[in-house]
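Proteins get letters first, then strands, A, B, ... in listed order; numbering begins at 1 in each. Just so you know, these numbers come straight off a predicted model, no measurement behind them.
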Amino acid sequence: MSVMSYLGAIGAAQREAMEADERVVIMGEDVEANVYGTTGGGKSRSSEGDFLQLFGRNRIRNTPISEEGIVGIAAGAAMTGLRPIVDLSYSSFLYMAMDQFVNQVAKNRYMFGGQASMPVVFRSAMFYGLNTGAHHSDRPYPMFMNVPGLKIIAPASPEDAKGLLRAAIDSDDPVLAFEAVKLWGLKGEVSDEAFRIPLGVARTARKGTDVTLVAISGSVPDACAAADRLAEEGVSVEVIDPRTLVPLDTTAILTSVAKTGRLVVVEPAHRTCGAAAEISALVAEEVFDALKAPIVRLTAPDMQIPFSPSLEQQMYPTRDGITAALRRVTGLKPA
Amino acid sequence: MRTDISTSTLLEMQRRMTRIRRFEERAAKMVKRGLIPGAVHTSIGQEAQVVGACMALDDDDYMTGNHRSHGHPIGKGSSLGPLMAELVGKATGVCRGKGGSLHLADFSVGSLGESGIVGSSIPIAAGSAFASKILGRPRVSLAFFGDGAANQGVLYEAMNMAGVWKLPVIFLCENNQYALSTPAHTVTSGDIFERAAGFGIPGVRVDDGQDVLAVYDAVKTAADRARSGEGPSLVEVMTYRFNEHSEGLRIDNYRDKEQVGEWLRRDPLDYLAARLRDRGVTDEHLKALDAEVMDEVDRAVEFANESPYPEPSVAFEDLYTDEVTAV
């Protein structure tokens with residue numbers, strides 16, 4: 001085991017995959033210079049672990065700022081023998097390639113009756129909460145959950161980042177990885193061995209019996225902290241991190257709510273048609289009889305993200321907000 | 001003009017053009033009778049441009065198509081039965097009845113699929129060329145797109161990356177002069193083939209796209225260049241569709257009747273037939289070829305008609321490679 005940052009874990013997964021399979025290539029804006037820290041040992045070309053030195057430009061290459069073209073080229077390459085990892089840097093940039101994601105990446109296997117396979121991973125980072133303004137703060141994973149044919153991961157710990165990314169690269173289907181930048185510096189124990197975490201299996205971050213708290217991506221650390229706070233007051237919170245949004249581990253969520261009878265869902269995306277909405281509907285449909293309290297969703301409002309720190313702060317669920325919601329559904333008095 | 005093409009190759013070109021013509025004539029009739037559901041766009045009149053390009057490629061080279069793409073897999077050598085079954089929506093269709101006329105794909109002949117979204121499959125072809133280059137395989141890729149797609153931005157993103165990375169890809173613009181009803185020159189600034197110069201790659205225009213050999217020559221030059229590692233080319237082919245934009249559509253106010261008549265006289269099948277006669281091929285031989293193709297089309301229709309429709313459960317397959325199913 002080593003202590004690794006979330007970002008370091010992504011770099012480790014990419015290096016392992018590149019070493020294990022020559023068909024794995026990395027392409028994207030600024031990947032050669034290791035601008036985001038996942039394609040090398042440091043910021044210097046001479047640093048040990050620099051991907052360009054290790055693998056050469058055939059296996060890692062900068063692209064022009066042409067997201068639609070990049071995504072289409074990666075898709076075509078995946079259909080004909082490569083296993084590309086595409087670094088799209090900011091999640092908001094995915095919209096530039098919406099046609100390719102929706103009409104080619106997601107549909108080609110299906111439309112062509114299974115003739116195509118699409119082993120490609122599209123990574124992007126959600127820079128929310130960092131005063132980057134409305135064009136760089138998006139958390140767009142729910143939009144892509146609405147596109148059948150894509151698989152979606154949103155790891156929230158270094159270990160999950162490494163294991164899920166390896167599984168995503170192994171997958172013969174297209175996988176979108178959404179990485180919250182607020183998690184980049186998070187440190188944790190990660191196995192040095194090559195390991196995979198299968199897509200579609202949730203992680204129970206805290207075991208509990210009174211209330212189920214489903215938390216997504218950057219909300220997971222806050223959810224765990226809120227659960228720990230409630231534990232001190234004698235309330236047992238079960239925190240579930242789905243880790244993969246498509247396919248979603250519905251069994252883990254339903255089993256937990258059937259046991260606890262209460263559900264709070266927290267995520268940084270917008271409210272309408274978000275992952276929290278989907279999970280709430282699922283629970284209402286499948287285990288309604290087990291519910292002892294109304295389901296609570298904690299999300300960003302259906303509002304654009306303002307620049308000023310004083311304005312942006314209030315836009316995402318907070319530790320205090322989660323704590324308050326947990327108190328409410330368990331019948332505790334507000335603190 | 002290449003003079004080294006054998007008569008047997010010319011006959012194969014004529015056969016493939018005839019296969020496209022008869023297949024699509026039959027499909028158009030079936031649309032009229034309600035036997036083929038959905039939208040059908042034929043490339044009748046454009047056969048020289050399709051076959052000239054396909055035959056300049058090797059069998060395992062890749063290509064992508066567009067909404068007017070029955071001809072592309074046929075030109076590349078697909079069997080007609082599974083294509084016709086796909087148009088009808090049968091289980092034996094080349095895409096198991098899930099693609100239809102707008103999404104034919106036959107990976108067995110390098111056809112990576114048609115796109116109903118104009119221009120959308122162009123980067124797919126460039127991507128397959130990227131894979132060939134990285135994996136060191138000597139394959140060439142070709143993207144078929146129309147004059148309408150020539151005004152989509154993604155073409156230029158792909159052309160730029162193909163140029164800077166020297167990808168073995170050919171951008172083939174089938175300029176049939178109308179994007180549905182809109183004359184290309186009214187929405188297109190400058191000449192399409194000249195846009196290649198902006199990317200530092202060769203751009204040529206085949207003015208007589210009804211001549212299969214002229215198309216073959218231009219695409220062969222581009223394919224040789226791509227295969228030798230020199231990178232992409234843009235080939236614009238001037239042609240004309242004889243039928244309406246799609247079968248069943250009736251708009252006669254955007255193409256001048258005289259213009260239509262003039263182009264109908266420039267039939268690519270007649271054109272090559274004349275050349276074959278010059279080489280001593282008899283009328284009987286050409287008639288027999290046509291009869292063989294008619295018979296092949298009959299068998300394809302028979303195959304489609306006798307095939308079962310897919311089971312309803314098939315609609316829920318092929319989304320992913322594993323067992324993940326719809327919610």
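No other option in B:M159, B:R137, B:E114, B:M161 has as many heavy-atom pairs under 4.5 Å with chain A as B:M161. For the set B:V164, B:I122, B:V314, B:D106, the count of heavy-atom pairs under 4.5 angstrom toward chain A peaks at B:D106. With chain A as the partner, the residue from B:L104, B:T64, B:L112 showing the most heavy-atom pairs under 4.5 Å is B:L112. Interface check for chain A: of the options B:K98, B:R96, B:E317, the most heavy-atom pairs under 4.5 Å are formed by B:K98. Counting heavy-atom pairs closer than 4.5 Å to chain A, the top-ranked of the candidates B:G113, B:A131, B:S120 is B:S120. Taking A:P84, A:A116, A:S117 one by one and counting their heavy-atom pairs under 4.5 Å with chain B, the maximum is reached by A:A116. Chosen from B:I134, B:L167, B:L155, B:L102, the residue pairing most often with chain A at heavy-atom distances under 4.5 Å is B:I134.
Neither the backbone nor the side chain of A:M96 comes within contact range of chain B; no heavy atom of the residue lies under 4.5 Å from a heavy atom of that chain. The part of A:L150 that comes within reach of chain B is its backbone (N, CA, C, O), which places non-hydrogen atoms under 4.5 angstrom from that chain. Only the side chain of B:I117 comes within contact range of chain A, judged by heavy atoms closer than 4.5 Å. Both the backbone and the side chain of B:A315 come within contact range of chain A, judged by heavy atoms closer than 4.5 Å. The contact between B:Y62 and chain A is made entirely by side chain atoms (from C-beta outward), counting heavy-atom distances below 4.5 Å. For A:R61, the part lying under 4.5 angstrom from a heavy atom of chain B is the side chain only. For A:V71, no part lies under 4.5 angstrom from a heavy atom of chain B. Residue contact with chain B, scored on non-hydrogen atoms closer than 4.5 Å, involves the backbone and the side chain of A:N58 alike. Contacts of A:E67 with chain B are made by backbone atoms alone, with heavy-atom separations under 4.5 Å and no side-chain atom involved. Neither the backbone nor the side chain of B:R139 comes within less than 4.5 Å of any heavy atom in chain A.
In this structure, CG on B:D318 lies 12.0 Å from CZ on A:F112, to the nearest 0.5 angstrom. For the atom pair B:K133 NZ and A:L82 CG, the distance stands at 13.0 Å (nearest 0.5 Å). Going from atom CD of A:Q100 over to atom CD of B:E157 covers 9.0 Å, rounded to the nearest 0.5 Å. A distance of 6.0 Å separates CD of A:Q104 from OG of B:S121, quoted to the nearest 0.5 Å.
The minimum heavy-atom distance between A:T63 and B:W165, with the atom names listed, is CG2-CH2, 3.9 Å. Minimum heavy-atom separation, A:R109 to B:L319: CD-O, 3.9 Å.
Within the 4.5 Å cutoff, the side chain of B:Y320 has heavy atoms near those of the A:V246 side chain. Put simply, the side chain of B:N160 reaches to within 4.5 Å of the side chain of A:P64, judged on heavy atoms. Side chains of B:I124 and A:N108 form a contact here, defined as non-hydrogen atoms less than 4.5 Å apart. Residues B:V154 and A:D99 form no side-chain contact, since every pair of their non-hydrogen atoms from C-beta on lies 4.5 Å or further apart.
In this structure, B:L180 places its CG atom where more than 12 heavy-atom neighbours from other residues, nucleotides or ligands lie under 6.0 Å away. Applying the 6.0 Å contact sphere to CE of A:M145 captures more than 12 heavy atoms from other residues, nucleotides or ligands. Remark: B:E230 CD is packed, more than 12 non-hydrogen atoms of other residues, nucleotides or ligands lying under 6.0 Å away. The 12-atom threshold is exceeded at CD of A:E19, counting heavy atoms of other residues, nucleotides or ligands nearer than 6.0 Å.
For A:Y110 (side chain) and B:G99 (main-chain N/O), no donor-acceptor pair under 3.5 Å exists by modelled atom type. A distance-only check finds a donor-acceptor pair linking the side chain of A:Q115 to the backbone of B:V94 [under 3.5 Å].
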